[in-house]
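Chain A is the first sequence line, chain B the second, and so forth, proteins listed ahead of strands; every chain is numbered from 1.
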Amino acid sequence: MVEITIRKRPRSEAVVTQRKFFKKTARGKVIKVLRERYLRDDVGCGIQSCQECTESCTPQANHLVMSGPDHGLFPDGHFLLPDTNVFLSQMDLLESPLFRPPIILLQTVIEEVRHRSLPLYNRLKALMAMDEKSIWVFYNEYRSETAVIREENETPNDRNDRGIRKAAAWYTTHLNTNVRGKAPKKPPTIVLLTEDAANRQKAEKDGLVTLSVRKYVEAMNDASQLLDLLASESEEIEPTRAASGKQFLYDEYLPSATLIGGVKAGQLHQGHFNANQYNYLEGSVSVPAFSKPVLLIGRENMNRATNGDIVVVEVFPEDEWKAPADEVVDQDSTLKNDDVESGDEDDGEDLVARVESKVVEYEKRDAEKQPTGKVVGVIKRLWRPYVCHIDSTSLTSSNATSLSVQTVFATPVSRLLPRIRMRTRQAPSLIGQKILVSIDRWDVTSRYPEGHFVRALGKVESKEAEQESLLLEFDVPYRPFGKAILDCLPKEGEQWVVPQKSDASPEWRDRQDLRDLNICSIDPPGCQDIDDALHARLLPNGNIEAGVHIADVSHFVHADTPMDNEAASRGTTVYLVDKRIDMLPALLGTNLCSLRPFVERLAFSAIWEMTPDADIVNVRFTKSVIASKAAFTYEEAQIRKDDANQKDALTEGIRLLNTIAIKLKAKRMAAGALNLASPEVKIHLDSSESSDPIDVEQKEMRETNSLVEEFMLLANISVAQKIQETFPQTAVLRRHMPPPKTNFEKLQDILMKRKGLALDVSSSGALAASLDKCLDPTEPAFNTLVRIMATRCMLSAEYFCSGSVARDTFGHYGLASPIYTHFTSPIRRYADVLAHRQLSAAIGYSPLHPSLHSKPHVERILGVVNKRHRMAQMAGRASVEFYVGLALKGREERVQKSGAGAVTEEAFVIRTFRNGLGVFVSSLGIEGLVMFKKDLQFDAENYTLSIPKPGSADLVAISVFDKVTVRIEVEKDKNTQRGRVKMTLLSPVDSKDM
Amino acid sequence: MGSRIEILNEAGFRSDGRRQFELRDLTIDLAKHGEADGSALISHGLTQVLVSVYGPREAKMRSHTFHDRANINVEVVVASFSTGERRKRQRGDKRVLEFAATIKSTFEPVIRTNLYPRSQIDIYVQVLQQDGSTLQTCINAATLALMNAGIPMTDFVCAVTGGVHSTSPMLDLSTLEENDIPHVTVAVMPKTKKVVLVTMETRLHVDRFEEILNLARDAGAILHQEMKEAILARSATLVALAEPVTKNQNKGDDDVVMD
């Protein structure tokens with residue numbers, strides 16, 4: 001039984017324990033709120049050797065140990081007590097593994113950080129959870145001695161500062177009485193760390209030890225490495241010369257009250273800022289008020305917004321609306337001469353301004369006009385550390401070897417971001433490296449944002465650095481699993497086996513014994529985490545029994561354990577070309593859960609009885625024990641099936657599965673499912689160790705791929721129906737919304753004008769039918785190309801909680817299924833784990849964890865999973881792109897050795913610009929850009945570019961969907977060290993000199 | 001939402017500094033209020049309720065009486081200033097009527113009504129301040145007021161509100177907590193451990209229910225201690241006053257009555 005007590009709150013203390021404030025409701029009504037607070041004496045100080053607080057300090061494991069004598073200023077040991085502004089501006093320093101003094105974190109500080117910035121708050125939470133940091137959270141607002149109450153005429157900020165000082169003072173006296181240093185020594189010092197000079201002054205008056213972050217770090221042993229991590233905001237250093245220039249380049253943002261009011265009144269519009277990857281001087285914001293996104297042209301109108309920020313825009317009157325540029329503008333080449341250190345009033349800048357103004361001029365094309373406007377405020381910055389290269393030209397050659405501070409440009413890898421101006425001491429050593437840079441601020445007087453160095457990732461083009469930068473760029477959590485998580489694994493480790501069948505063993509409870517069935521798995525070659533296995537057999541009544549067996553991950557991963565929480569935050573396994581970042585520890589993913597052949601494994605089975613026409617008679621779900629008889633690759637399974645001599649039960653099973661799969665697919669297609677295409681390629685690696693790419697080829701689709709796919713779809717749909725029936729409020733489902741018709745407008749127009757083909761987008765069935773008709777007898781790949789382009793017009797599928805959206809929006813557009821979920825890959829997707837738990841509860845095998853009954857909880861988890869899923873896809877694609885680059889380089893060398901000249905490939909034109917062509921090389925699955933130096937004759941209406949033939953006056957017209965031959969080279973960008981694919985036209989016109 | 005207050009933080013503190021199983025400050029004032037036969041002013045934290053009991057007395061309307069037992073009449077008034085937002089509740093307000101009916105059905109089996117046939121016992125409940133767990137406070141106050149009025153009852157009735165945040169149960173919820181988490185109000189008779197009332201307006205998972213119910217019963221016993229002490233102390237002062245008027249004469253008895 002727990003101890004229940006009544007907390008007493010003496011009336012005499014009401015001044016401190018009661019809080020009164022006025023709050024304005026959304027409707028504008030003012031209400032008085034009265035809250036009480038119970039002050040206590042059992043809030044622990046968290047210091048290990050404290051005699052008084054030993055009992056009240058839980059958990060004991062987190063106790064702070066006094067720092068060693070390694071800090072120059074405090075040989076007797078010390079504890080850090082940082083102010084809120086330290087966390088707001090110097091998070092990178094605190095996150096550095098080199099920075100590890102014991103930290104006392106006040107409740108006031110946590111709350112203030114949360115109030116000021118949610119992303120920083122999340123980082124702070126992660127910091128608190130890190131094993132190697134020693135941080136104790138002190139709930140100062142609940143401790144009777146340290147609680148403060150806001151006084152009259154005191155701002156909340158001042159109140160918090162006072163609270164922090166009071167806590168520091170309390171700690172100092174508390175340590176004096178309760179903690180003795182060794183023998184005659186003095187007790188350790190409490191160091192109040194704050195960036196606010198006024199706060200420091202007041203603290204000194206109170207007799208506290210207080211330092212600025214810079215001063216503190218300077219006296220540390222690792223000072224030189226840590227100093228670079230300091231944000232440039234510290235008041236001690238002067239702003240860079242350019243930033244201090246008086247000239248205003250941007251308009252100030254409107255006050256936030258005006259912004260919110262304006263958005264509410266409909267005069268201003270709020271949305272996410274999307275930078276244009278082809279043109280750095282253009283961005284757009286999608287707002288609900290307009291069907292087309294609001295266009296922002298030129299630096300002034302983008303007004304310091306960076307990709308992803310939530311901004312507020314003002315839309316210009318309609319006669320000032322413009323069409324998006326049809327030109328490619330590259331920041332690197334346009335701004336080569338921009339000087340970092342020089343002020344914005346220099347000639348160099350004028351040149352930049354002139355180039356830019358030329359670029360920004362537009363010809364008026366009425367048809368494509370879009371609402372145009374400017375950014376007037378930023379609601380929320382989405383700044384995070386970015387992977388960058390140091391721009392070597394921005395270094396002054398004179399101090400290329402010195403270790404003095406200099407200002408340099410860092411160019412982000414992502415083309416969506418502006419370059420970042422930063423100060424560093426290590427500039428020369430950072431050249432040729434990938435580094436992480438954080439943005440600190442962007443002033444109206446500065447053309448570029450200012451940032452600071454976080455850490456170096458490694459040499460450019462080394463696989464480790466590229467891999468890590470990819471993971472960082474897409475926000476993939478890749479830290480190894482912590483001890484708490486590994487503790488959740490079964491104790492037997494590798495030796496774990498399914499126990500002997502008996503009624504007593506918990507593993508066998510309510511499990512069906514399917515070990516005798518001829519079950520096999522079919523996967524891509526080299527697959528280690530086998531999620532699914534299949535079987536089929538003829539029943540005596542002429543029907544067919546087909547079963548899908550999924551790894552029983554929920555048997556090992558229980559809700560609300562550290563392992564479960566980690567998996568939920570990872571959301572999905574990320575597959576890079578040569579690396580897999582697991583969602584679950586490898587022991588589970590590749591061994592205990594993986595349905596490997598010849599061993600007994602726990603599974604969750606869905607078993608159907610079907611008529612020979614593939615109509616489902618019934619379906620049942622059961623937990624089971626299986627023993628897979630074989631693990632095939634798609635190719636092996638295909639060969640086995642096609643070999644008429646093979647007559648064993650396993651092969652017959654595959655044949656049976658295949659005949660059903662063909663019928664299932666036909667039914668799905670008849671219902672209007674889309675057959676989509678995405679450029680998928682396979683990278684051949686030299687060997688698993690060296691992972692040098694040898695070559696690229698397109699992925700082959702076999703009959704067996706489709707076999708597995710059909711059964712997985714069937715299982716997912718059946719499970720979706722079951723869990724939605726049982727848990728109508730919280731079932732974890734997946735949907736694909738039909739795309740808005742406007743998404744297809746451009747593609748329809750191009751198809752009509754160039755090929756005379758019509759695309760019917762009224763429904764998925766109609767689209768599928770008209771895509772089938774998009775044929776060019778002379779060009780078989782044309783159909784695939786159109787499918788790829790159509791796929792890009794669609795929305796992406798998402799997970800959702802069944803209670804949070806209307807029933808009629810459950811449908812999956814691409815699959816033409818009214819309901820769908822993910823069930824079949826619990827080893828690598830977290831949503832599947834949730835679906836497993838819900839299905840297990842639905843069949844009465846285990847009770848549902850209470851968290852899965854709560855709609856907000858499920859919504860929150862799925863929000864994270866959706867985001868991770870998207871990021872994982874992008875990271876995977878970027879990784880393939882990087883390896884394609886490497887492979888191309890290898891091929892180029894080989895081709896040159898053999899004397900053939902250059903790598904050439906056939907490509908399709910997919911986009912036309914005034915000065916370039918967007919092309920798609922299907923054999924490599926990459927998109928590229930062919931740029932021309934001079935302006936050419938461009939017919940935007942007909943998507944046609946006319947290029948003069950060298951040596952003659954004739955023009956060759958190239959339009960969208962034309963087939964061209966391109967020369968592919970990998971060149972290293974001089975400024976950024978970024979290897980990139982460069983394409984030039986070879987036929988019909990050789991554009992080498994153009 | 002960013003500024004959302006954490007209901008239960010990692011160190012196990014609730015938003016007002018209490019731990020999971022700590023009840024709010026309880027103050028009991030049993031002094032006589034005006035004409036009432038018995039009254040009690042009690043507060044759980046910032047929720048404050050005044051209950052006045054009249055009777056047993058003759059019913060105003062003949063039709064409201066029973067020939068074999070007393071009729072219990074409960075009227076609830078929620079002061080318009082009791083919440084932050086001023087809100088006038090009409091007498092006929094459905095919510096308030098339901099509230100009164102709940103209190104009435106709670107006390108019907110506890111008050112020995114069969115001792116007073118053809119009469120009426122009036123319980124007037126005035127909610128002065130609200131900060132969560134209003135029903136709990138009303139029931140506890142009514143118990144004390146009935147005892148103060150000398151009406152025979154089989155046992156105390158002690159009510160506690162319990163809620164569950166994700167998977168951790170907590171007791172005696174404030175408005176902030178009530179708005180956010182599912183909760184149950186449970187009234188028990190501590191001597192017999194019988195439950196006289198369980199009421200719930202939010203959805204709570206079955207698996208959690210038993211745990212909370214048991215907790216609330218245990219908490220009821222703790223409250224019982226406190227309430228019993230208050231009643232005994234009140235009786236002691238009254239007994240002291242009833243002593244032959246000798247020693248206490250010079251002290252002035254009015255002060256004592258006012259507590």
Subject >> side-chain contact (heavy atoms from CB on, under 4.5 Å) between B:His205 and A:His849, worked out >> reply: CA-CA 10 Å; B:His205 195 257; A:His849 189 263; over 6 Å; no
Subject >> Heavy-atom side-chain contact between A:Glu3 and B:Arg19 under 4.5 Å >> reply: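 They are not in contact (no side-chain heavy atoms under 4.5 Å apart), so the answer is no.
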Original post:
Does A:Pro847 reach the side chain of B:Asp207, with side-chain heavy atoms less than 4.5 Å apart?
Top reply: yes
Under 4.5 Å from a heavy atom of chain A, the part of [X] involved:
X        : answer
B:Glu226 : side chain
B:Leu215 : both
B:Ser174 : neither
B:Arg208 : side chain

**OP:** Under the side-chain contact (heavy atoms from CB on, under 4.5 Å) rule, what do A:Ile110 and B:Asn9 come out as? Steps first, then yes or no, please.
**Re:** CA-CA 12 Å; A:Ile110 299 180; B:Asn9 65 27; over 6 Å; no
Subject >> Salt bridge flag under 4.0 Å for residues B:Glu22 and A:Arg40 >> reply: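 The answer is yes: the pair qualifies as a salt bridge.
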Original post:
Is A:Tyr142 reaching over with its side chain to a backbone N or O of B:Arg14, donor-acceptor style, under 3.5 angstrom?
Top reply: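 Yes; at least one donor-acceptor contact below 3.5 Å.
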Distance, nearest 0.5 Å, that separates [atom1] of [X] from [atom2] of [Y]:
X       : Y        : atom1 : atom2 : answer
A:Arg7  : B:Asp172 : CZ    : CG    : 13.0 Å
B:Glu10 : A:Lys125 : CD    : NZ    : 4.0 Å
A:Thr5  : B:Leu171 : OG1   : CG    : 9.5 Å

**OP:** Of all the heavy-atom pairs spanning A:Ile6 and B:Leu26, show the shortest one and how long it is.
**Re:**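 For A:Ile6 and B:Leu26, the tightest heavy-atom pair comes out as CG2-N, 4.1 Å.
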Subject >> Option in B:Arg24, B:Arg18, B:Gln225, B:Gln20 with maximal non-hydrogen atom pairs under 4.5 Å from chain A >> reply: B:Arg24
Considering residues, nucleotides and ligands other than [X], do more than 12 of their heavy atoms fall under 6.0 Å from its [atom1]?
X        : atom1 : result
B:Lys194 : NZ    : no
A:Lys8   : NZ    : yes
A:Arg116 : CZ    : no

Original post:
Among residues 30-39 of chain A, which residues come closer than 4.5 Å to chain B, judged by heavy atom distances?
Top reply: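 Interface residues of residues 30-39 of chain A: A:Ile31, A:Lys32, A:Leu34, A:Arg35, A:Glu36, A:Arg37, A:Tyr38.
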Which bit of [X] comes within less than 4.5 Å of chain B, counting heavy atoms only: side chain, backbone, both or neither?
X        : result
A:Ser854 : neither
A:His857 : neither
A:Lys29  : side chain

